Number of protein chains: 2
Amino acid sequence: MAVTITDVARAAGVSTSTVSYALSGKRSISPDTRRRIDEAITSLGFIVNAGARALATSQTMVIGLLTQFHADEFAPAMLEYILPVSDTARELGYDILLVTELDSVAALRRVTSSGMVDGVVLLDVVHEDPRLATLRDAAQPGALVGLPKHTEGLDVFDLDFGESARLLVDHLYARGHREIIVVSPPLHVFERGGAYGWRFRDAALERAARYGLQMHPYYGESRQPEIGRSINAMLDARPTATALIVHNDATIAALPSVLTARGVSTPDDLSVVSLYAKDFGRAFSLPYTAVESSPDELGRSAVRQLVRRITSPDLAGPAVTRFVAPEITDRGSTR
Amino acid sequence: MAVTITDVARAAGVSTSTVSYALSGKRSISPDTRRRIDEAITSLGFIVNAGARALATSQTMVIGLLTQFHADEFAPAMLEYILPVSDTARELGYDILLVTELDSVAALRRVTSSGMVDGVVLLDVVHEDPRLATLRDAAQPGALVGLPKHTEGLDVFDLDFGESARLLVDHLYARGHREIIVVSPPLHVFERGGAYGWRFRDAALERAARYGLQMHPYYGESRQPEIGRSINAMLDARPTATALIVHNDATIAALPSVLTARGVSTPDDLSVVSLYAKDFGRAFSLPYTAVESSPDELGRSAVRQLVRRITSPDLAGPAVTRFVAPEITDRGSTR
DNA sequence: CTGAAAGCGCTTACAG
DNA sequence: CTGAAAGCGCTTACAG
């Protein structure tokens, strides 16, 4: 059926091992032989069988991408992580096995134990992530996007949410705001162990306390019409608040229409700052000053580190936990 | 390193072939032998090596998912297709190789010729899709989401965009509207050969002509601030139009805030109908009566048909082109 | 500079 | 009901 290395060898009048070495460049080949092999390869349209190569080399050149989609989650932001992971992997010669199974522990076990992948990237890592035990048992290395409670022996990449919160509070404080509402991710994110929720909130509250400013924390919602209702309820309850910090994708996406409907304009009536990826902001036409959440950089770093572990486990050094430094993009939504 | 079938055979005191048959159930095994094998498997934690099995059976149990991300595209809707494809594949025992390469012809060639996949699902198929020639040459079957010019020999799944347009025009016509603006996907979608653009628009125009109503076609934009500007320009240019048909994700997502900013309320000042997936509408809090674009049903159907072709090529019958019948969800945005 | 052969971990006719 | 052996398509010591 498909063209094999044996077909190429026959056409070029050499042995299969010579073809293999020509392919890998692991030993020198005479110019003439090389030319005949190259011709045979192109004329036959030969492409190495991935499974056979994997079996012989114990390398699949595939990276597993483990995602966790929750029914109650705001999906649009997910792709921002998947795409850079996939693109970076390909640049480094790897394909992506996308694993979206609900039972992600079993899924992780399955793809690692069956030898389908050379390594895995875990997205949406939570505080006590049940996948980590499986990952530690696996023969392949893994890289995490999201900070778990225990990071020993794992390469971890995440935004510095604490610092992000402090930056935003400082930004507002410097502009004279003394009463601020902070909208966190939905309660179920906290319950699930999404540490970014409290890392951001606690840092914001702590900073506020230090400055002696009033800060009102709320959980956001993830679906309409609850989102709109909850925003209105917060604003009604805190009429004297002059600024809003939104750490919640679904809420920030809905905010423009809710505020316009209320007749509230930004920044004249209310200052707003947030945290989201620029592409996300573009998709939702968001005009807010915000910390860049950097899914692109996180995804790319995770893959690069993972590939380093795969290809040169000895040189890759000890496990790293790397926090992306937050950067504010000022879009003029504060005064 | 990893546990192999040989380890299991040794532990159970049988041959590897017996273990293999116990695994596949392709021949009867004595109860006692079966028990010893099962015990060995669980105690050793054996999971079949996927590459070795693939080499022996010529079946990888992996489906390639070929996507095309364009820099000028509105990304949030993409995941709505990816997820159902992935979930359905897994239900049927397949994993997903996610291929996001820009050069998707080369990518398709690579994953099929290397035998990495048993079949492929092509997303975002355009009118003269360059991937189709490669697909027809491939040893593996493929299923398309999106209607190309030539469908011979291919399984194709798409929404019936013509009927969708007619449904929406009828809906407005029945409510007395006689001058309507229709917003198509951006010009670059047409140029790229996104047939859904003109299939919808042409059907809408034809229907309008038949009813003798005025219809003004426009291309939408895909990014801010052009989106907002273009909507305002259309409404300024057609002050007497009473309804808007929006066949454009980026435009419909931005519409609520643009209309509110203009002081236009729906449906009192302007009736609006559109076409989008319900999850998309939920994410963007869209309140419009719309045809459901059914990414879920399309993705699931494509995978099911593909798996049928993979597992029983003889029983699967001739190639099919299947159009999902459009259904309107009335959200009260017309009068 | 090149080839014959073993081996990667499975499956499956062939034999009994 | 079970086993020994060939073969899937590669890679890589081993030999020359």
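These numbers were taken from a predicted model, which means no experiment stands behind them. The chains referred to below are lettered A, B, ... by the order of the sequence lines, with proteins before strands, and numbering in each begins at 1.
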Between dC8(D) (C1') and L55(A) (CG): distance, integer Å: 9 Å

Watson-Crick or G-U pairs under 3.5 Å in DNA chain C, rendered as dot-bracket with [ ] for crossing pairs and | for another strand: |||.||||||||.|||

Closest-nucleotide 5' rank along DNA chain C - winner of R34(A) and F46(B): R34(A)

Per T4(A) side chain, nearest of listed nucleotides dG3(D), dG3(C), dG9(D): dG9(D)

R35(B) CZ to dC1(D) P, straight-line distance once rounded to whole Å: 16 Å

Under 3.5 Å side-chain donor-acceptor pair for D118(B) and Q140(B): no

Separation of atom CD in Q59(B) from atom P in dG7(D), rounded to whole Å: 21 Å

Near-strand residues of residues 22-33 of chain B, defined as heavy-atom separation under 4.0 angstrom from DNA chain D: R27(B), S28(B), I29(B), S30(B), T33(B)

N or O in side chain of T6(B) less than 4.0 angstrom from dG9(C) OP1/OP2: no

Side-chain donor/acceptor contact of S17(A) with base of dA5(C) under 3.5 Å: no

More than 12 heavy atoms from other groups under 6.0 Å of CZ on R109(B): no

Sugar-phosphate, base or nothing in reach of T57(A), heavy atoms under 4.0 Å: sugar-phosphate

Audit row: R35(B), D32(B), salt bridge (charged side-chain N to carboxylate O under 4.0 Å, His left out) steps and yes/no: CA-CA 5 Å; R35(B) 191 186 44 69; D32(B) 183 54; 2.7 Å; yes

Gap between atoms CG and P, on N49(A) and dG7(D) respectively (whole Å): 18 Å

Minimum side-chain heavy-atom gap T100(A)-L83(B) below 4.5 Å: yes

Proximity to the side chain of I5(B) - top-ranked nucleotide from dC10(C), dC10(D), dG3(D): dC10(C)

Step-by-step side chain to side chain donor-acceptor pair (under 3.5 Å) determination, N49(B) to T4(B): CA-CA 8 Å; N49(B) 181 284; T4(B) 72; over 6 Å; no

Spatial distance of atom CG (D95(B)) from atom OG1 (T60(B)) [nearest 0.5 Å]: 9.0 Å

Whole-Å distance separating the CZ atom of R36(B) from the C1' atom of dT2(D): 11 Å

Comparing A52(B) and T18(B) on DNA chain D - which has the more 5′ nearest nucleotide: T18(B)

Value in whole Å for how far the C1' atom of dC8(D) lies from CZ of R53(A): 16 Å

Backbone of V320(A) reached by a side-chain donor or acceptor of D155(A) within 3.5 Å: yes

Integer-rounded Å distance: dG9(C) P and I47(B) CD1: 15 Å

Salt bridge R300(A)-E91(A), side-chain N to carboxylate O under 4.0 Å: yes

Rounded distance in Å - CZ (R10(B)) to C1' (dG3(D)): 16 Å

Rounded distance [0.5 Å steps], OG1 in T151(B) versus CG in D158(B): 11.5 Å

From CG (L108(A)) to CG (D103(A)), nearest 0.5 Å: 10.5 Å

